[in-house]
2 protein chains.
Amino acid sequence: MAARVRIKDVAAHAGVSPKTVSNVLNDYEHVAPATRAAVRESIEALGYRVNLAGRQLRRGRTGMITLAVPELDVAYFSELAKHVMTAAERRGCTVLLHQTDGRRDRELAALSGFEAQITDGVVLSALTLTARDLAERAPHLPVVLLGERHGDGTLDHVGIDNVAAAREATAHLLARGRRRIAVVGGALRGRQGTDRLRTLGYREALRAAGVPFDGELVVPVDAFHWLDGARAARALAERPEPPDALLCLNDHLALGAVRALYEYGLPVPGALDVVGFDDIEAARFTIPTISTIAPDKEGIARAAVDLLLDRIERPDRESGPSHHVAGYRLIVRESSGG
Amino acid sequence: MAARVRIKDVAAHAGVSPKTVSNVLNDYEHVAPATRAAVRESIEALGYRVNLAGRQLRRGRTGMITLAVPELDVAYFSELAKHVMTAAERRGCTVLLHQTDGRRDRELAALSGFEAQITDGVVLSALTLTARDLAERAPHLPVVLLGERHGDGTLDHVGIDNVAAAREATAHLLARGRRRIAVVGGALRGRQGTDRLRTLGYREALRAAGVPFDGELVVPVDAFHWLDGARAARALAERPEPPDALLCLNDHLALGAVRALYEYGLPVPGALDVVGFDDIEAARFTIPTISTIAPDKEGIARAAVDLLLDRIERPDRESGPSHHVAGYRLIVRESSGG
DNA sequence: CCACGTGGTTACATCGATGTAAATACCCTG
DNA sequence: CAGGGTATTTACATCGATGTAACCACGTGG
């Protein structure tokens with residue numbers, strides 16, 4: 001703060017005009033080598049650093065993008081954030097992280113609030129927003145959706161094939177002879193989210209195997225943390241007719257469930273099999289290790305950043321929205337006999 | 001982008017001067033109620049949003065602070081980040097998250113790079129920087145250090161009493177009759193970090209109990225992830241004279257170690273006791289649950305934000321640096337007989 | 001020897017919001 | 001109703017960097 005050096009100070013020190021300093025800063029080609037050197041020297045001598053507010057004001061770009069996720073302490077999102085930051089850095093921009101807590105107002109804030117203001121675009125992992133919200137709130141803001149395409153799919157979007165992934169995970173459990181498979185975190189209706197699609201895949205797998213669907217086995221949760229998985233598993237364990245396997249819609253739920261079952265004397269994979277989603281680091285090191293659907297997080301991050309930067313660079317481009325489908329693998333570990 | 005609304009558009013629409021609109025925006029008191037209402041209406045009608053670049057340029061403040069941590073996918077940091085964001089929001093500012101990967105260049109970047117530029121101050125959890133780096137690189141930048149006070153302690157700092165915490169954890173293991181306690185992630189010399197201090201506390205506890213110190217039991221690690229804990233535990237398990245307890249300098253290490261020991265047929269807490277640090281959510285739900293030192297993360301976050309904002313608001317205040325010592329508790333869980 | 005082109009440099013306006021200070025409108029007191 | 005405030009509004013300059021366009025000094029081709 002104290003005595004900040006401005007471009008004009010550098011200009012004075014080097015005996016040139018401010019604009020010439022600017023030209024040097026921006027690698028404008030027609031600057032005499034001697035001048036360039038002198039300016040560089042003055043910059044060094046005075047410890048000059050560009051003021052980004054000034055630059056942004058003039059240029060209209062910040063070089064920052066927002067990544068808005070529900071919760072950073074859900075490992076999937078912090079791991080994903082890491083990849084997004086890496087991808088962004090490679091493309092020369094910086095990531096501003098915004099946490100929505102899955103709340104509608106905070107998701108809207110990601111689109112029109114502070115972050116959106118100082119940012120050139122948003123990668124949004126939305127839980128509550130509808131297509132209409134998105135269209136209304138930020139008609140001109142470049143946005144890429146993560147997870148699920150919302151509504152009419154008019155926005156760019158990156159995700160895995162959740163239906164297929166859930167189908168595959170369920171088929172795996174069925175192949176192991178499980179018949180009463182609960183879906184922890186599942187949803188039959190309501191928000192148009194990933195949970196709905198995964199539940200759909202689950203039902204498809206049941207149908208394909210000729211196993212009747214039991215709505216009682218779709219267990220909603222408040223959040224996707226260890227605690228919620230433990231709660232859900234407890235409730236299931238106390239039923240007169242407990243399930244023989246759990247399809248948990250993320251690994252935290254799976255891990256919490258495994259612990260709760262353990263407390264009920266129901267070992268995994270002995271008494272029940274458990275499969276999760278996300279392949280967070282924990283899943284590889286717990287007792288037991290957790291079978292899971294492993295999405296290609298790096299691919300997702302890279303695709304999201306690329307798509308967003310494309311939109312930012314060519315906002316006029318009226319080409320329709322892109323939908324990038326990233327890969328995933330089912331990894332069978334101890335929790336389902338691996 | 002397309003046809004952005006500026007303050008002067010609102011002014012024209014409302015039939016007042018731009019400055020009056022500005023006054024309404026900033027809740028200047030001497031604005032006639034009718035005028036205020038009219039301006040508000042125009043703002044609404046046109047969908048106006050302030051341009052932060054312009055505002056910042058004029059005001060010299062951004063209302064953003066940087067939080068720089070080594071890794072977001074270390075749960076302690078993502079949980080802490082969550083609290084910092086909450087604390088910052090309560091004080092009306094926004095957090096820009098910067099990941100250093102524990103690399104020196106990226107820690108320096110947090111002080112003088114892009115983020116520091118557009119940010120009013122930095123909360124830094126540094127691994128490699130020295131006091132000199134900090135003084136040289138950012139003499140005028142408000143900074144609060146997390147974790148360990150570096151060097152001469154000339155900067156504001158927030159942390160727990162790591163020596164006491166490690167002493168207490170070690171004493172707990174000793175009280176359970178353990179005598180060969182390894183320190184996973186420990187360090188005898190080198191970086192002036194938290195690891196050094198915790199190792200120091202460990203030694204103090206040994207000395208107090210009259211147990212001889214064995215340098216072989218201080219096991220450094222590459223990083224503080226599950227994988228590194230597992231590796232370290234494996235190496236220890238294969239020694240001719242394995243330890244009978246592990247003091248792991250974070251919970252990830254503890255969890256990874258527990259898993260590796262399990263694979264060696266060394267159950268925790270049967271064969272060895274294990275204690276970690278940080279009390280991440282996982283520690284409460286794994287099998288076994290993990291004893292740990294639980295720092296008051298919320299208190300740390302709040303103190304850091306408060307201290308930083310104080311510095312930002314009163315940069316002239318030449319009062320010496322503040323050192324806030326946050327609380328912690330030893331939570332005994334299954335991994336050490338709880 | 002002139003017109004013209006090109007490299008190098010600069011004056012000026014501008015991005016959008018706001019602090020300063022001055023202008024205008026309004027109200028009360030005596 | 002004049003004088004002296006107070007409330008409200010506004011003109012203008014400014015924050016720092018950069019796009020535009022003009023300028024100067026050469027050198028070259030004709």
Side-chain angles (χ1 to χ4, degrees), chain A residues 1-43 46-64 112 114 116-120 140, chain B residues 1-43 46-64 114 116-120 140 315:
Chain A
M1 311 299 186
R4 257 203 94 66
V5 183
R6 291 146 308 164
I7 212 169
K8 78 155 79 150
D9 300 318
V10 176
H13 185 273
V16 297
S17 79
K19 177 64 193 178
T20 296
V21 176
S22 170
N23 285 339
V24 171
L25 286 173
N26 294 287
D27 288 321
Y28 177 64
E29 58 181 340
H30 297 306
V31 177
T35 313
R36 188 182 301 270
V39 170
R40 289 255 163 76
E41 215 162 287
S42 297
I43 287 175
L46 300 179
Y48 169 78
R49 324 224 63 236
V50 291
N51 176 317
L52 288 153
R55 172 174 284 181
Q56 180 196 349
L57 182 56
R58 194 65 244 248
R59 297 225 264 232
R61 285 269 185 81
T62 63
M64 296 202 295
S112 49
F114 186 97
Q117 263 296 308
I118 63 161
T119 260
D120 299 334
H140 297 300
Chain B
M1 312 302 180
R4 257 202 95 64
V5 183
R6 290 146 309 163
I7 211 170
K8 78 155 80 152
D9 300 318
V10 176
H13 185 273
V16 298
S17 80
K19 178 64 197 183
T20 296
V21 176
S22 171
N23 286 338
V24 171
L25 287 173
N26 294 286
D27 287 320
Y28 177 65
E29 57 180 343
H30 296 305
V31 177
T35 313
R36 189 183 301 270
V39 170
R40 289 256 165 76
E41 214 161 287
S42 297
I43 288 175
L46 301 179
Y48 169 78
R49 323 227 63 237
V50 291
N51 176 317
L52 288 152
R55 173 175 283 181
Q56 180 194 350
L57 181 56
R58 195 62 244 250
R59 298 226 262 234
R61 286 270 187 78
T62 63
M64 295 202 296
F114 186 97
Q117 263 298 309
I118 63 161
T119 259
D120 300 333
H140 297 300

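Throughout, a chain's letter reflects where its sequence line sits, starting with A, and its residues are numbered from 1. Remember, it's a predicted structure, so these values are computed and weren't measured experimentally.
In this view, A:Arg58 satisfies the side-chain hydrogen bond (donor to acceptor under 3.5 Å, both in side chains) rule with no residue, not counting sequence neighbours. Residues passing the side chain to side chain contact (heavy atoms under 4.5 Å, CB included) test with B:Leu57 are A:Ala53, A:Leu57, sequence neighbours excluded. With sequence neighbours left out, the side-chain hydrogen bond (donor to acceptor under 3.5 Å, both in side chains) criterion links A:Thr35 to no other residue. Applying the side-chain hydrogen bond (donor to acceptor under 3.5 Å, both in side chains) rule to B:Thr62 yields the partners B:Asp120; only residues at least two apart in sequence or on another chain are considered. Here A:Arg36 pairs with nothing under the salt bridge (Lys or Arg N to Asp or Glu O under 4.0 Å) rule; sequence neighbours left out. B:Arg40 pairs by the salt bridge (Lys or Arg N to Asp or Glu O under 4.0 Å) definition with B:Asp27, not counting sequence neighbours. Residues satisfying the side-chain hydrogen bond (donor to acceptor under 3.5 Å, both in side chains) test with A:Arg49, not counting sequence neighbours, are none.
Of all the heavy atoms in B:Tyr48 and B:Asn51, the pair that sits closest is OH-N, 4.2 Å. Nearest heavy-atom pair, A:Leu46 versus A:Val10, reported as atom, atom and distance to 0.1 Å: CD1-CA, 3.8 Å.
Among residue pairs with one or both ends in residues 8-19 of chain B, those qualifying as side-chain hydrogen bond (donor to acceptor under 3.5 Å, both in side chains) are B:Arg6-B:Asp9, B:His13-B:Ser42, B:Ser17-B:Thr20; sequence neighbours excluded.
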Nucleotides 17-25 of chain C: protein proximity per nucleotide (B base, S sugar-phosphate only, - neither; heavy atom, under 4.0 Å): BBBB-----
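The stretch residues 29-42 of chain B touches DNA chain D through B:His30, B:Val31, B:Ala32, B:Thr35, each having a heavy atom under 4.0 angstrom from the strand.
Where DNA chain C pairs in unbroken runs of 3 or more (Watson-Crick or G-U, both distances under 3.5 Å), the stems are C:1-30 with D:1-30.
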